[in-house]
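The chains referred to below are lettered A, B, ... by the order of the sequence lines, with proteins before strands, and numbering in each begins at 1. Computed from a predicted structure; not experimentally measured.
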Number of protein chains: 2
Amino acid sequence: MLKITRKVEYALMALRHMQEKEKGAVTTASDIAERYTIPNEILAKTMQLMARENIVEAVQGPRGGYRIKADLEKINLTEFFETLEGPLGLMDCYFDSECVQINCCTIRSPIQKINDNLRNMFSNMTVQEITSA
Amino acid sequence: MLKITRKVEYALMALRHMQEKEKGAVTTASDIAERYTIPNEILAKTMQLMARENIVEAVQGPRGGYRIKADLEKINLTEFFETLEGPLGLMDCYFDSECVQINCCTIRSPIQKINDNLRNMFSNMTVQEITSA
DNA sequence: ATTTACCCGATTAAAATAGTCGGGTACAAT
DNA sequence: ATTGTACCCGACTATTTTAATCGGGTAAAT
């Protein structure tokens, strides 16, 4: 429990990789996949997702690839995680959920407080802190 | 991602329930399961686990049940989570793992720092804070 | 003895995550 | 124009993790 997903890991590794290149240079998804032994198509998808979300910019065609578009110092980890994986919460009942305990759950509000702390912690860290630490 | 498990939720609800009764009184696993619509046998297992770990005490036979044994103010959440679910970490590679990226992973140490913060946060909270907030 | 309630390993089911496949579109170079 | 490279994307399958079930026990009060 309390794990981050592969997708998030791959995304961070890719961003870090691109950040080490000259600004404006592009890198192909398969270059990154090969470099870090990441399954090609799953990284491709992750890059596409980040492109849709304007974290990176895609350049199509031969000599194309991706480059960083957003200012990584301005994206906090709560935002980043939610962009890639959807709503963040220790329990599902804070967003969706037809949990059978919904009306008799006695720990919902105490856990909610912990959840707030957690979100807070992640909101106070930027993607940049991971990609260049 | 970053979810706590059902088992942990059930355990906390059970502890909270027992805590509301007079000290020394026992409650059966099926009473608790019924009260909160928890599948009987999964709660039973969870209670057995907590009994093995000396968090609760089991009284066998008719009129038996469980009562709280440990001082819940002295159990922090890191301990509690690890007792129920094993080692705590945002990524697997901090304990087990034959991760293919193990030698080329560029985000391991930054994530490790976040992991330390997370553990720290949970280590500074007690089970009591959840069961009686 | 019988009944109640804990004990526990093995198994199955369901859900979440991870990875694959196939058929597209954009565009630079020739 | 054609070719080749690289992004795009929905649908699908496999794997892993989590949740729940089953079956056959043991302890103890009445």
Protein-nucleotides 19-28 of chain C N/O pairs closer than 3.5 Å?
| unit_1 | atom_1 | unit_2 | atom_2 | d |
| --- | --- | --- | --- | --- |
| C/dG19 | OP2 | A/Tyr10 | OH | 3.1 |
| C/dA26 | O4' | A/Gln60 | OE1 | 2.2 |

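- Looking at heavy-atom distances under 4.0 Å, A/Met1 makes contact with sugar-phosphate atoms alone, never a base.
- Taking atom CD of B/Gln48 as the reference point, atom P of D/dT26 lies 15 Å away to the nearest angstrom.
- For the pair A/Met47 CE and D/dT5 P, the interatomic distance rounds to 20 Å; values are reported in whole Å.
- Between A/Ile4 atom CD1 and D/dT16 atom P there is a gap of 19 Å when expressed in whole angstrom units.
- Across the protein-nucleic acid pair, B/Leu43 atom CG and D/dA19 atom C1' stand 13 Å apart, rounded to whole Å.
- B/Asp31 is linked by a salt bridge (charged side-chain N to carboxylate O under 4.0 Å, His left out) to nothing, counting only residues two or more places apart in sequence or in another chain.
- For residues 12-21 of chain B, the pairs satisfying salt bridge (Lys or Arg N to Asp or Glu O under 4.0 Å) are B/Arg16-B/Glu20, with sequence neighbours left out.
- Inter-axis angle, ends of the helix from C/dA1-D/dT30 to C/dT30-D/dA1, five pairs per end, rounded to 10 degrees: 0°.
- Residues from residues 13-35 of chain A lying near DNA chain C, meaning a heavy-atom separation below 4.0 Å, are absent.
- Hydrophobic cluster of B/Val100: no remaining members, since no ILVMFWY side chain lies below 4.5 Å from it.
- The list of salt bridge (Lys or Arg N to Asp or Glu O under 4.0 Å) pairs with a residue in residues 103-114 of chain B, not counting sequence neighbours, is empty.
- Residue pairs meeting the ring pair (Phe, Tyr, Trp, His ring centres under 6.0 Å) criterion with at least one member in residues 38-63 of chain A: none, sequence neighbours excluded.
- For residues 10-37 of chain B, the pairs satisfying ring pair (Phe, Tyr, Trp, His ring centres under 6.0 Å) are B/His17-B/Tyr36, with sequence neighbours left out.
- D/dC7 atom C1' lies 12 Å from atom CZ of A/Arg52, rounded to whole Å.
- Taking atom CG of A/Asp92 as the reference point, atom P of D/dT17 lies 19 Å away to the nearest angstrom.
- The distance from atom CZ of A/Phe95 to atom C1' of C/dA16 is 13 Å, rounded to the nearest whole Å.
- Residues passing the salt bridge (charged side-chain N to carboxylate O under 4.0 Å, His left out) test with A/Glu57, sequence neighbours excluded: A/Arg67.
- For residues 115-127 of chain A, the salt bridge (Lys or Arg N to Asp or Glu O under 4.0 Å) pairs, not counting sequence neighbours, are A/Glu82-A/Arg119.
- Within the structure, the ring pair (Phe, Tyr, Trp, His ring centres under 6.0 Å) test picks out the following pairs touching residues 43-88 of chain A (sequence neighbours left out): A/Phe81-A/Phe122.
- Straight-line distance from the CE atom of A/Met50 to the P atom of D/dC9: 14 Å, rounded to whole Å.
- Once rounded to the nearest 0.5 Å, the distance linking OG1 of B/Thr5 with CG of A/Leu90 reads 11.0 Å.
- Between B/Ala33 and B/Leu43, the shortest heavy-atom contact is N-CD2, 3.4 Å.
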